[in-house]
Amino acid sequence: MELPVELFLALRYLRLRRTFVSVITVLSFLGVTLGVGALIVVLSVMAGFQQRLTEKIIGFNAHITVAMTDGKVLYDYDKLLALIRQQPDVMAASPIIRGPVLVQHQNDMTPAFIKSVPVDGDDPVLPIKKYLIMGEWELRDDSVIVGKEWSKRNGAFPGDKITVFGAAQVMDFLHRNDKNHSVNLPQDLIIRGVFQTGQFDYDLNYVLVSTETAQRIWGMPDAVHGIAVRVKDPDEADAVKNQLNKVLPDSLHARTWMDDNRDLFNAVGIERVVMACILCLILMVAAFGLCSTLITVTVQKSREIGLMKALGANDLQVCGVFLFHGAVVGVVGAVSGTFLGLLILHYLNVIRDFLLYAFHIQVFASSVYGLPEIPAVVNPENIVIIAVSAVVICVLAALIPAISAATLAPARALRYE
């Protein structure tokens, strides 16, 4: 198969020889390969981290929470529940209590958060029953379900007894000298099960109880902290929130899961952009290496260039030789970098475990990132964009040497021939 003369000459110039130019060419290939591979791995991991984080947040929390504007507790919430359930796109709504407590197991006292959930666990607002990994889902009377990390850290398992000190007990301490103040005793609860969401913070800090038990712990038998709302599409929660705020009294306001975690997602987005920009510098370094290689080739091959132009080659054909040179480097580097990136993604957690076992290097700590393994989402569109961008950068890097070669005067190049 006959090749265009420009591509044929570009491939000849790419042949490895024992010269400094060949070394720079190899480094250019490696630079593009590493740059493309690193971009694919980092962007896939960041996308996977954001997706997993979103799944865990909306799987453990309500899409929208309605609460008092001044932070006070909510009384007579039955009419409010009926009003919220009548709104379009609202699937379900239920009262919720969530707040800090102290939990005592044996002689150890640890801080935690209680969260009220449906007794049967099948409520569409907070379908948390799917996270149960040990014991049984039993939240009646004196029952409690704890997170896996909390259970492991405190050595507490199904059948063990814990004592929960809530806000009511704190108030008792503050009014200990008031003879007219009624005393609220701490709640003794039996661990019935252990849940695991995969989000380290939830599994370490939360214990689940029924609404009635949470009310006793907080000393407010007729009140709740808010109303948890689940909508059809979590991504459209803002629109439903705006509609709710129009019909709710001024003393109430609605917040979405995105409002409660906006700073976290903004930080993830900024980190993703910054990492992409930093890794693009690898491609830029490879492009500068390619540019310097072609400039050297232009000087070394000036006589051949002059001979080509003397035989009838026009400026566009001479320019095409060097542009093809950059394009070949970009295509080969992009393809090899794509395979390298996908290979690393496939064995990502294996590599992490090997580094931890062999060199004691902890790459992705669960306690820091809140996930048991490194997540990754391979987006074909991102891979295509990264690969095409690498090729374009290499072609642009070859443009200056190509123009320099195309404007070379044949008489000057062949003066001493």
Side-chain angles (χ1 to χ4, degrees), residues 30-61 63 149 196-204 233-238 256-287 330 333-356 359 361-393:
L30 293 177
V32 176
T33 300
L34 292 176
V36 171
L39 274 171
I40 290 175
V41 171
V42 170
L43 293 183
S44 297
V45 170
M46 295 298 294
F49 179 73
Q50 187 169 1
Q51 184 186 72
R52 289 286 298 277
L53 191 62
T54 302
E55 292 173 353
K56 299 305 179 185
I57 289 175
I58 64 177
F60 192 76
N61 296 282
H63 296 160
E149 297 299 330
Q196 181 183 15
T197 64
Q199 183 73 9
F200 187 85
D201 180 63
Y202 297 155
D203 297 339
L204 176 64
D233 186 359
D235 294 330
E236 299 296 329
D238 274 331
T256 68
W257 64 274
M258 291 178 283
D259 294 331
D260 294 332
N261 300 277
R262 193 173 301 280
D263 292 340
L264 177 60
F265 283 104
N266 286 341
V268 172
I270 293 173
E271 185 177 356
R272 186 177 180 181
V273 173
V274 171
M275 290 298 296
C277 293
I278 292 174
L279 292 172
C280 280
L281 294 177
I282 299 178
L283 292 177
M284 298 301 295
V285 171
V335 172
S336 59
T338 300
F339 279 110
L340 176 64
L342 294 177
L343 183 65
I344 293 176
L345 288 175
H346 184 72
Y347 295 102
L348 192 59
N349 289 289
V350 176
I351 296 173
R352 181 198 67 168
D353 295 339
F354 172 76
L355 292 176
L356 181 60
F359 303 102
I361 300 175
Q362 194 167 26
V363 177
F364 193 88
S366 299
S367 59
V368 176
Y369 295 96
L371 297 174
E373 60 183 15
I374 305 178
V377 174
V378 179
N379 190 335
E381 294 182 1
N382 287 342
I383 293 178
V384 172
I385 292 174
I386 292 171
V388 172
S389 299
V391 176
V392 171
I393 289 174

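Remember, predicted model here, so these are calculated numbers, not experimental data.
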Between CD1 on residue I40 and CG on residue L343, distance to nearest 0.5 Å: 11.5 Å

Gap between atom CD1 of I344 and atom CZ of F339 - 0.5 Å precision: 14.0 Å

Approximate separation, where rounding is to 0.5 Å, of L264 CG and Q50 CD: 9.0 Å

I385 CD1 to L39 CG distance, which is reported to the nearest 0.5 Å: 11.5 Å

Side-chain heavy-atom pair V45, L345 within 4.5 angstrom cut-off: yes

Nearest heavy atoms of A390 and V36, plus distance in Å: CB-CG2, 3.6 Å

Close side-chain approach of D259 and D238, heavy atoms under 4.5 Å: yes

Sidechain-backbone polar pair: S44 side chain, V41 backbone, donor-acceptor under 3.5 Å: no

CA sep, side-chain torsions, deciding dist, call: D260, N61, side-chain contact (heavy atoms from CB on, under 4.5 Å): CA-CA 10 Å; D260 294 332; N61 296 282; over 6 Å; no

Aromatic plane relationship, F359 with F354 - under 30° parallel, 30 to 60° tilted, over 60° perpendicular: perpendicular

Donor-acceptor contact below 3.5 Å, side chain D203 vs main chain E149: no

Positive for side-chain contact (heavy atoms from CB on, under 4.5 Å) with N261, one of N266, I57, T256, I58: I57

Result of checking T33, L34, L30, V32 against S336 for side-chain contact (heavy atoms from CB on, under 4.5 Å): T33

Minimum-distance pair of heavy atoms, taken over all atoms of E373 and R52: OE2-NH1, 4.0 Å

Worked verdict on R272 versus L43 for side-chain contact (heavy atoms from CB on, under 4.5 Å): CA-CA 7 Å; R272 186 177 180 181; L43 293 183; 4.1 Å; yes

Neighbour count >12 (heavy atoms, 6.0 Å) for atom CZ, F265: yes

Shortest non-hydrogen contact between M258 and P234, atoms and distance: CE-O, 4.0 Å

Heavy-atom closest contact (L283 atom, G31 atom, distance): CD2-O, 4.4 Å

Distance (rounded to the nearest 0.5 Å) between L342 CG and Y347 OH: 12.5 Å

Spacing of I386 atom CD1 and L279 atom CG [to the nearest 0.5 Å]: 9.0 Å

Check: W257 side chain, A237 main-chain N or O, donor-acceptor pair, under 3.5 Å: no

